[in-house]
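One structure is given below, encoded as structure tokens.
Any value given below was found using the heavy atoms of this structure, including those in side chains, with hydrogens, waters and symmetry copies removed. Counting convention: from 1, in listed order, for ligands and their atoms alike.
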Amino acid sequence: MRSILNPFTPAFGGKPQHFFGRTEELALIENAFENEFSPYRALFITGNRGCGKTSILEQVSEKACAHGWLAVDVHAEEALMSAVKKLTGGTDRTISKNLQPQFAGLSVGSAATVTSKHYTGMDLADVMIEKLKGVNACQGIFVSVDEVQKISEPDAEGLCAALQMAMRKGYPVMLVMAGLPGSKEKIGSYAGCTFMQRTFEIKLSSLLIPETYEAFERLLATMPTVAVGEGAVDRLARFSLGYPYLMQLIGYYAVEQMCQSGFVGAFCLNEGDVAAAESEAYTAYRNNVLKAVTEPLRNGARAYLTSVAKVLDNTGRARTEKVAAALNKELSQCSTDRQRLIDRRLLVPDGWGYVRFNLPYLSRYLLEEALENGTAPANPDAWLF
Ligand SMILES: Nc1ncnc2c1ncn2[C@@H]1O[C@H](COP(=O)(O)OP(=O)(O)OP(=O)(O)O)[C@@H](O)[C@H]1O
Ligand SMILES: [Mg+2]
């Protein structure tokens with residue numbers, strides 16, 4: 001007999017049943033709704049797959065509504081058109097344009113009304129300003145764009161132009177873009193988006209250690225009929241390393257494991273349930289995060305990353321000289337690949353001449369792959385089968 005509602009919801013892109021952590025980030029962003037001088041009114045949220053960009057964006061969007069702002073949440077594909085359509089109630093916008101047909105070099109000006117599916121930044125600025133004027137005006141307009149690494153250049157430029165125009169005229173507007181590491185640099189390099197180079201960037205990664213423990217305790221407490229055995233929260237926290245998707249996965253599978261273990265008078269989530277859930281949680285994380293972040297890497301960068309995994313010391317750092325030597329290369333020959341991996345936030349520099357991994361279990365995954373490909377280093381202490 002089972003009557004437990006699992007509080008963990010490891011679904012990508014879906015809203016988590018219980019949101020945890022990110023208190024500081026949310027406070028900073030929330031302040032921007034009330035404070036017209038907040039530097040967070042144009043903002044990037046970046047991080048690797050599964051760190052919780054979409055989840056936090058949804059929280060911010062809800063907060064925008066709670067502050068009386070109109071939230072316009074769009075995906076990067078067709079971002080400009082979606083934003084205009086959402087603001088105009090889902091229909092193609094009718095725009096009054098000063099059409100200038102050209103006849104044999106002569107320009108004949110005439111005002112006309114056209115229905116357009118292709119919008120410019122100025123069209124978006126117009127509809128935003130319309131919504132922000134008058135007696136029924138909302139407090140402000142909040143635009144969020146998810147997966148922004150996929151946005152087209154014209155759409156990015158249109159959104160930026162609209163925001164800049166509305167801001168220039170003194171209207172309360174806010175733009176938050178969420179995407180993979182490097183999104184800010186990519187978008188900031190577009191000719192019409194240079195002001196985005198100077199915007200703030202919140203770089204998401206794992207939760208802090210106390211936040212991780214607090215989150216597990218809080219979610220487990222939502223199951224009033226479940227006792228929590230000694231060591232269970234510690235094992236959940238340590239396995240997840242505070243990475244939000246891993247937290248959802250290990251929590252979910254541990255609760256499922258407990259339910260399968262059977263009901264003996266009362267439910268109790270034990271350390272053993274967590275241990276038994278680890279392999280399933282890791283497999284899902286491996287397929288949905290580790291594969292996804294390493295697949296786009298070029299051969300050189302991938303080889304560098306694998307070498308880092310092979311020469312890690314017992315504090316989790318790798319000496320860059322050793323990494324280069326393992327690749328039979330000079331240190332200088334590796335600098336482009338190393339920098340690329342740091343830009344993608346898969347590695348971080350750790351002291352002069354050292355790097356470490358910046359994503360949970362990436363090193364383990366690369367070694368597993370190397371083993372499968374027969375390129376793992378021979379370990380003199382290993383059993384031979
Ligand atoms: N702060 C959080 N509280 C609760 N669950 C979270 C939190 N952040 C992320 N998650 C959960 O982790 C998983 C991944 O989150 P999300 O989809 O937001 O990641 P993402 O960074 O947008 O990933 P991607 O780059 O693939 O789009 C989801 O199951 C989500 O519910
Ligand atoms: Mg996402």
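- Shown are Leu362, Leu359, Val323, Leu305; of these, the side-chain contact (heavy atoms from CB on, under 4.5 Å) with Leu347 is made only by Leu305.
- Cluster partners of Trp352: none. The rule joins Ile, Leu, Val, Met, Phe, Trp and Tyr whenever side-chain heavy atoms lie under 4.5 Å apart, and it links nothing here.
- Taking a cutoff of 4.0 Å between a charged side-chain nitrogen and a carboxylate oxygen, Glu369 and Arg302 qualify as a salt bridge.
- Between Phe12 and ligand 1, no pair of N/O atoms sits closer than 3.5 Å.
- Nearest protein heavy-atom contact of atom 7 (C) of ligand 1 is Pro244 CB, 3.8 Å.
- One side chain, Asp273 or Ser261, offers a donor N or O that lies under 3.5 Å from an acceptor on the other.
- Protein atoms of type N/O/S that fall under 2.8 Å from the Mg ion (ligand 2) number 1 in this view.
- Numbered from 1 in the order shown, with element, the atoms of ligand 1 that lie under 4.0 Å from a heavy atom of Pro16 read 4 (C), 5 (N), 31 (O).
- Closest to atom 17 (O) of ligand 1 among all protein heavy atoms lies Gly13 N, 3.1 Å.
- Qualifying ring-ring contact (aromatic ring centres under 6.0 Å, His included) partners for Tyr213, counting only residues two or more places apart in sequence or in other chains: none.
- For ligand 1, the polar-atom distance check against Lys15 finds no nitrogen or oxygen pair separated by under 3.5 Å.
- Contacts between Leu207 and ligand 1, counted as non-hydrogen atom pairs separated by less than 4.0 Å, are absent for every part of the residue.
- At a 4.0 Å heavy-atom cut-off, ligand 1 touches Ala11 through the backbone alone.
- Only the backbone of Pro10 comes within contact range of ligand 1, with a heavy atom under 4.0 Å; no side-chain atom does.
- Phe8 and Phe216 have tilted rings, their planes meeting at an angle from 30° to 60° on a 0 to 90° scale.
- In terms of protein heavy atoms, atom 13 (C) of ligand 1 is closest to Tyr245 CD1, 3.5 Å.
- For Tyr245 and Asn288, the side-chain atoms include at least one donor-acceptor pair closer than 3.5 Å.
- Taking the ring axis of Tyr365 as reference, the NZ or CZ atom of Arg286 does not stay both within 45° of it and closer than 6.0 Å to the ring centre.
- Because its NZ or CZ atom is both nearer than 6.0 Å to the ring centre of Tyr282 and within 45° of the ring axis, Arg364 counts as a cation-pi partner of that residue.
- Residue pairs satisfying the salt bridge (Lys or Arg N to Asp or Glu O under 4.0 Å) criterion with at least one member in residues 191-209, sequence neighbours excluded, are listed as follows: Glu201-Arg345.
- In terms of modelled atom types and a separation under 3.5 Å, the side chain of Asn287 and the main chain of Ala284 share no donor-acceptor contact.
- In this comparison of Ala178, Gly52, Ala292, the heavy atom closest to atom 19 (O) of ligand 1 sits on Gly52.
- Judged purely by atom type and a 3.5 angstrom limit, Gln248 uses its side chain to pair as donor or acceptor with the backbone of Thr9.
- Using modelled atom types, one finds no donor on one side chain facing an acceptor on the other under 3.5 Å when comparing Gln139 with His67.
- The protein non-hydrogen atom at the shortest distance from atom 26 (O) of ligand 1 is Arg49 NH1, 2.9 Å.
- Numbered from 1 in the order shown, with element, the atoms of ligand 1 that lie under 4.0 Å from a heavy atom of Thr9 read 29 (O), 31 (O).
- Residue nearest to atom 25 (O) of ligand 1, selected from Gln17, Lys53, His18: Lys53 (by heavy-atom distance).
- Here atom 6 (C) of ligand 1 lies nearest to Gln248 when heavy atoms of Gln248, Glu58, Arg22 are compared.
- Glu278 and Arg235 are joined by a salt bridge, as a carboxylate oxygen and a charged side-chain nitrogen come within less than 4.0 angstrom of each other.
- Selection from Gly50, Ser55, Gly21 by nearest heavy atom to atom 23 (O) of ligand 1 gives Gly50.
- Proximity of Met247 to ligand 1 is not established, as no heavy-atom distance is less than 4.0 Å.
- Ranking protein heavy atoms by distance to atom 3 (N) of ligand 1, first place goes to Phe20 N, 2.9 Å.
- For Glu330, the CD atom is loosely surrounded, since the number of other residues' heavy atoms within 6.0 Å does not exceed 12.
- Atoms of ligand 1 lying under 4.0 Å from any heavy atom of Glu147, numbered from 1 in the order shown and given with element: 27 (O).
- Closest protein heavy atom to atom 22 (O) of ligand 1: Thr54 OG1, 2.8 Å.
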